[in-house]
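Below is one structure, written out as structure tokens; the observations come after it.
Chain A is the first sequence line, chain B the second, and so forth, proteins listed ahead of strands; every chain is numbered from 1. Any value given below was found using the heavy atoms of this structure, including those in side chains, with hydrogens, waters and symmetry copies removed.
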Amino acid sequence: MSIILDKVSHVYSPGNAYETTALSNVSLKIEDNEFLGIIGHTGSGKSTLIQHMNGLLKPSSGTIYYNGKDTSKKDFPRKELRSKVGMVFQYPEHQLFEPTVFEDVCFGPKNLGLSKEEVDDRVYEALKLVEFPEELISASPFDLSGGQKRRAAIAGVLAMKPDILILDEPTAGLDPKGRDEILGMIDKMHKKTKNTVVLVSHSMEDIARFVDRIIVMNHGKIEYDDTPKGVFNNYKELEQMGLRAPEITYLMNDMLRYGFDVSSDVTTIEEAKKEILKLYGIN
Amino acid sequence: MFRELTIGQYYPGDSIIHRLDPRVKLMGALLFIVSVFLASNIFSILVVTAFLIAIIVLCKVPLSFMLKGLRSIVLLLVIAGIFNLFLTPGTVLFQLGFLHITDVGIKNCIFMIIRMTYLIVGTSVMTLTTTPNALTAGLEKSLGFLKKIRIPVHEIAMMMSIALRFIPILVEETDKIMKAQMARGADFESGGVFKRAKSMVPILVPLFVSAFRRANDLALAMEARCYNGGDGRTKMKPLKYNQSDKNAYALEIGFVALTIIANILYNRYVSGLFANMLGV
Ligand SMILES: Nc1ncnc2c1ncn2[C@@H]1O[C@H](COP(=O)(O)OP(=O)(O)O)[C@@H](O)[C@H]1O
Ligand SMILES: [Mg+2]
């Protein structure tokens, strides 16, 4: 289920005063079952990049391969691509439209032409996966809280059973608790289903804890493509791109400077705890 | 797809025309329309053409961008042209079954196409070089005298500028919602009329919800800043004429006068000349 982007560029409104090059010469491969993070400041081209992955945008130049097949070919099954690569947009709750949560989650699987039983099964399964409260399933989506709306909207995409799930800033506009819940849920789901997940964010803390690999976008280009540790080692350069390494990385680097023997590439609080305990000979 | 719309669009720039007071441009557009209709012969058309070319050069908007707006009215031009060409009475030059082309028909057809093209290009220079906000501010000030007869000019202008401001936002929103529903397998292209109309529901419901939400937020934000209509309200950037605006007014009036003079000269000397040559 691999996706390969080969020298992909994207230009919005070519040939007039509003012309913007949102992506230039981006090449990357998404491996099976990986948890990939994409970060970059606002306007760096993250949303544009991921919309190429399920065929919603066509590249101005370059090629995208899905399972080895060129997606720009006439006979390429574009509808299948959209159902196999599930896309949760930023503020996905803005797409809710049916009178009840249940019916709204049905929208995707119904469009796949499945039987009524199959649709119902998938809807309940998806709502369970996002830990949506059972008693609210027949409520109007417009009566829910922000976090619940977002869960319902994510379930609407999960119900299509995509092989690859892409989430564009799924925590934007949520309070810290809502943010941790959504991220925890995505992580749990990834561990359970072993699906490929692409998580877009501009917050390092969000990403550092979960992903196997990070892509850093800057001005429409890939700046780094590495493990979290590899990327955060460059925290000085990241600052110039308007990004920051997790706060804990700064703390550990300061400790190192003051003569404590800790490693400099710590990215999560759990790792920091281990390192500090190690100083006192506790394992 | 909606982003291709160019009529009424603003083209950012810093030309002499961009910097003029919006009231000068509104008046200019009005006088230009008057001149286009006054121009009834080759002399005055040449005057109007020269004026139009001068403005297009001065405003520094690429010609290709300006002509894009014309594409949408090509069909209208062709139909109106055909009607004028075949259905005008006069001296018959060609006969084709029941259709005939007359000398007056040819003249009307050419003048009609020139006039329509000039009107579209001329007025789009105004919208291309003036932000919608400046334009409504200009309208509000120019029509301020209507307040005396209890017409709420300020409120109408405010509604207009809010509406204009919301168009690109709603276009963007529609684009986003369409993409989100397409990602859930929605299909807007196939099927009959009924199915297609039904497929719009997943777009329209979220679009209305978000439009109302935005309207609500904006109203709250305006109220929080003590907005209560036009009475006693001052401007952060009041419109003020400077020397180049005054010069531009003089040029505009000179231009209309020139068109009228061209008409008179033509009628007095040239049309008489033709009549003599034809021995009438
Ligand atoms: N639909 C669009 N039309 C024109 N320009 C766009 C559009 N979407 C994004 N852009 C521009 O492309 C650039 C990248 O945007 P985007 O991919 O949304 O970045 P990010 O998701 O990282 O914030 C920005 O400069 C943005 O203004
Ligand atoms: Mg984005």
Salt bridge (Lys or Arg N to Asp or Glu O under 4.0 Å) contacts in which one or both residues fall within residues 154-167 of chain B, not counting sequence neighbours: none
Side chain, backbone, both or neither: which part of A:Y12 has a non-hydrogen atom closer than 4.5 Å to chain B? neither
I'd like to know if A:D120 and A:K116 make a salt bridge, using a cut-off of under 4.0 Å between side-chain N and carboxylate O. yes
Between A:E118 and A:R122, is there a salt bridge with N-O shorter than 4.0 Å? yes
A:E134/A:K128 salt bridge by N-O under 4.0 Å criterion: no
Angle class for the B:Y249/B:Y241 ring planes (parallel below 30°, perpendicular above 60°, tilted otherwise)? perpendicular
Side chains of B:Q181 and B:R184: is there a donor and an acceptor less than 3.5 Å apart? yes
Salt bridge (Lys or Arg N to Asp or Glu O under 4.0 Å) filter on B:K179, not counting sequence neighbours, yields B:D175
Residue, of B:G185, B:P206, B:A183, B:P202, that accumulates the most heavy atom pairs under 4.5 Å with chain A: B:P202
Just checking heavy atoms, which of residues 41-57 of chain A are less than 4.5 Å from chain B? A:Q51, A:N54, A:L56, A:L57
Can B:R23 and B:E140 be counted as an ion pair, charged N to O under 4.0 angstrom? no
SB check B:R225 B:E223 (cutoff 4.0 Å): no
So which bits of residues 85-104 of chain A come within less than 4.5 Å of chain B, counting non-hydrogen atoms only? A:M87, A:F89, A:H94, A:Q95, A:L96, A:F97, A:D104
Should A:K84 and A:E80 count as side-chain neighbours, where that means a heavy-atom distance under 4.5 Å? yes
